[in-house]
2 protein chains.
Amino acid sequence: MTFDEAKAKFVQTWGTLATQWGINRTMAQIHALLMIAPDPIDTDTVMEQLQISRGNANMNLRELMDWGLVYKQLKPGDRREYYIAEKDVWKIARQVAKERRRREITPVIEVLEELKKVNTDTPEAEAFRKIVGDLSQVVGFADNTLNAVIKAEENWLMGQFLTFFRSI
Amino acid sequence: MTFDEAKAKFVQTWGTLATQWGINRTMAQIHALLMIAPDPIDTDTVMEQLQISRGNANMNLRELMDWGLVYKQLKPGDRREYYIAEKDVWKIARQVAKERRRREITPVIEVLEELKKVNTDTPEAEAFRKIVGDLSQVVGFADNTLNAVIKAEENWLMGQFLTFFRSI
DNA sequence: CAATATTTTTTGAAAATACAGAAAGTTGCT
DNA sequence: AGCAACTTTCTGTATTTTCAAAAAATATTG
């Protein structure tokens with residue numbers, strides 16, 4: 001496999017993984033492209049490399065900045081805006097964990113807590129509260145896991161977790 | 001909130017959460033419906049409750065069985081097939097972890113390992129190997145986390161994890 | 001073995017999502 | 001201010017995903 005093939009495969013793989021987890025393919029591909037770029041890249045380069053329109057490139061670059069995964073970079077004497085990706089993978093992980101927790105997990109926990117309060121007095125309602133409560137625990141577990149990632153220090157994380165998981 | 005409203009909200013919430021994580025909305029809604037059903041349910045009931053077609057109901061019920069989250073149940077003296085959901089939420093979690101690991105994480109790890117082997121000798125390729133290697137670690141961490149869930153015993157899981165995470 | 005009930009697969013259409021290209025908006029220079 | 005270099009937003013189109021309805025297959029009963 002040539003280096004160019006490897007880069008292409010990386011971009012494609014990252015895009016596929018993203019889709020499977022409910023994230024826009026192009027956004028992930030741009031992210032991949034920026035992660036493996038040694039230097040800042042401008043919009044036109046992104047467009048050319050991924051064969052996408054300016055509008056699309058711009059939209060997803062903003063989204064990536066919104067997720068805190070990509071930064072703008074200005075070059076002195078150049079009006080264009082260049083983009084650079086966060087390269088610290090654990091920081092990336094923390095950022096993603098943080099966003100997904102905020103956008104998707106926390107709201108669900110709130111709803112489930114609300115639903116547990118239904119006070120209808122039938123066996124059916126009793127069963128309902130049971131399963132909702134149980135699911136609440138599972139989602140809470142996911143929440144805790146993400147939170148652990150968010151709170152963890154860079155290097156500390158790998159060590160602690162690996163030690164813990166190896167014990168299982 | 002009435003009990004019926006609560007049930008509806010639960011089904012809707014579960015569907016939304018699923019979409020956000022790359023899973024078919026209807027599949028999750030059927031799953032939700034079955035989880036809170038005290039008794040086995042047949043296809044027509046699913047169709048009626050969620051206002052979906054027979055084809056759609058059937059397809060997603062199969063998919064749910066494929067994920068190991070729903071079982072068929074036959075009633076003596078009745079030709080129809082009834083469906084029942086796994087109610088043990090930790091078993092559900094383990095099942096989901098198992099499937100997603102198999103379908104989505106493991107393949108990515110293999111690709112990343114492959115990509116690390118690119119032996120082009122330039123600074124750019126060196127940086128590529130670095131980021132791919134680092135990401136490999138992060139994905140490996142996700143893999144380990146899912147694996148821990150899969151391997152864990154039912155009740156044991158909550159206790160261990162909570163203790164661990166509280167320490168963070 | 002027919003007649004009937006039930007499940008499964010297929011197919012084309014509808015809905016949702018993603019996107020290109022163009023228009024509009026900004027910024028900075030002369 | 002006026003122009004040029006870029007960036008952002010908008011709008012209609014294309015792609016993908018989801019799904020209803022019909023057709024086909026399978027199972028069950030008399």
Side-chain angles (χ1 to χ4, degrees), chain A residues 11-12 14-34 39-67 70-85 103-104, chain B residues 11-12 14-34 40-67 70-85 100 103-104:
Chain A
V11 170
Q12 189 263 339
W14 210 240
T16 302
L17 179 64
T19 314
Q20 289 167 330
W21 289 80
I23 287 171
N24 182 288
R25 170 186 283 106
T26 304
M27 172 170 148
Q29 288 182 333
I30 295 178
H31 187 220
L33 193 66
L34 288 173
D39 302 306
I41 279 183
D42 66 4
T43 305
D44 288 82
T45 307
V46 171
M47 289 166 60
E48 185 199 328
Q49 297 267 332
L50 300 179
Q51 292 291 313
I52 60 174
S53 72
R54 188 173 302 282
N56 195 11
N58 187 268
M59 211 175 65
N60 283 295
L61 280 166
R62 305 197 108 239
E63 187 77 3
L64 280 166
M65 286 191 291
D66 201 50
W67 277 73
V70 165
Y71 317 110
K72 259 185 196 168
Q73 185 138 101
L74 297 175
K75 287 191 182 179
D78 191 339
R79 318 188 17 183
R80 260 169 301 182
E81 290 176 339
Y82 289 79
Y83 299 91
I84 188 170
R103 301 174 190 215
E104 297 148 12
Chain B
V11 170
Q12 189 263 338
W14 210 239
T16 301
L17 179 65
T19 314
Q20 289 168 328
W21 290 79
I23 286 171
N24 182 286
R25 169 185 283 105
T26 304
M27 175 170 146
Q29 288 182 333
I30 295 178
H31 187 220
L33 192 67
L34 288 173
I41 279 182
D42 67 4
T43 305
D44 288 81
T45 306
V46 171
M47 288 165 60
E48 185 200 327
Q49 298 265 332
L50 299 180
Q51 292 292 312
I52 61 174
S53 72
R54 186 174 304 281
N56 197 7
N58 187 270
M59 214 175 63
N60 283 296
L61 280 166
R62 306 200 105 239
E63 188 76 4
L64 280 166
M65 286 191 291
D66 201 50
W67 277 74
V70 164
Y71 317 111
K72 259 185 196 168
Q73 186 139 99
L74 296 174
K75 287 192 183 179
D78 191 338
R79 303 167 50 166
R80 263 169 301 182
E81 289 176 339
Y82 288 80
Y83 298 92
I84 188 171
R100 299 213 73 155
R103 300 174 191 216
E104 297 149 13

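Note on naming: letters A, B, ... go to the chains in the order of the sequence lines (proteins, then strands), and numbering restarts at 1 for each one.
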Sugar-phosphate, base or nothing in reach of [X], heavy atoms under 4.0 Å:
X      : answer
R54(B) : base
R79(A) : base
R62(B) : sugar-phosphate

| Does any N or O in the side chain of N58(B) come within less than 3.5 Å of the main-chain N or O of R54(B), such that one atom is a donor and the other an acceptor? | no
| query | N60(B) side chain to N56(B) main-chain N or O, any donor-acceptor pair under 3.5 Å? | reply | yes
| message | Applying the side-chain contact (heavy atoms from CB on, under 4.5 Å) criterion to I30(A), which one of L64(A), I41(A), V11(A) satisfies it? | response |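 When L64(A), I41(A), V11(A) are each tested with I30(A), the side-chain contact (heavy atoms from CB on, under 4.5 Å) holds only for L64(A).
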| remark: Checking R80(B), K75(B), Q73(B) against D42(B) for side-chain contact (heavy atoms from CB on, under 4.5 Å), the one that qualifies is R80(B)
Between [atom2] of [N] and [atom1] of [X], the distance in whole Å:
X      : N       : atom1 : atom2 : value
L64(A) : dT8(D)  : CG    : P     : 13 Å
R80(B) : dT4(C)  : CZ    : P     : 18 Å
I41(A) : dT7(D)  : CD1   : P     : 14 Å
M59(A) : dA20(C) : CE    : P     : 10 Å
N60(B) : dT8(C)  : CG    : C1'   : 14 Å
I52(A) : dT7(D)  : CD1   : P     : 14 Å
Q73(A) : dT7(D)  : CD    : P     : 14 Å
M27(A) : dC19(C) : CE    : P     : 12 Å

| Among the nucleotides dC6(D), dA20(D), dC19(C), which one has an atom lying closest to any side-chain atom of S53(B)? |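 Nearest to the side-chain atoms of S53(B), counting from C-beta on, is dA20(D).
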| field | Closest to side chain of T43(B), choosing from dT9(D), dT18(D), dT7(C) | value |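 Ranking dT9(D), dT18(D), dT7(C) by closest atom to the T43(B) side chain puts dT7(C) first.
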Please confirm whether the shortest side-chain N or O distance from [X] to OP1 or OP2 of [N] is below 4.0 Å.
X      : N       : result
N58(B) : dT8(C)  : yes
N24(B) : dC19(D) : yes
K72(B) : dT6(C)  : no
N56(A) : dA20(C) : yes

| Should the ring pair W21(A) and W21(B) be called parallel, tilted or perpendicular, given that the plane angle runs from 0 to 90° and is split at 30 and 60? | perpendicular
| said: With nearest nucleotide decided by heavy atoms, which residue, M65(A) or T26(B), maps closer to the 5′ end of DNA chain D? | reply: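 Here M65(A) is the residue nearer the 5' end.
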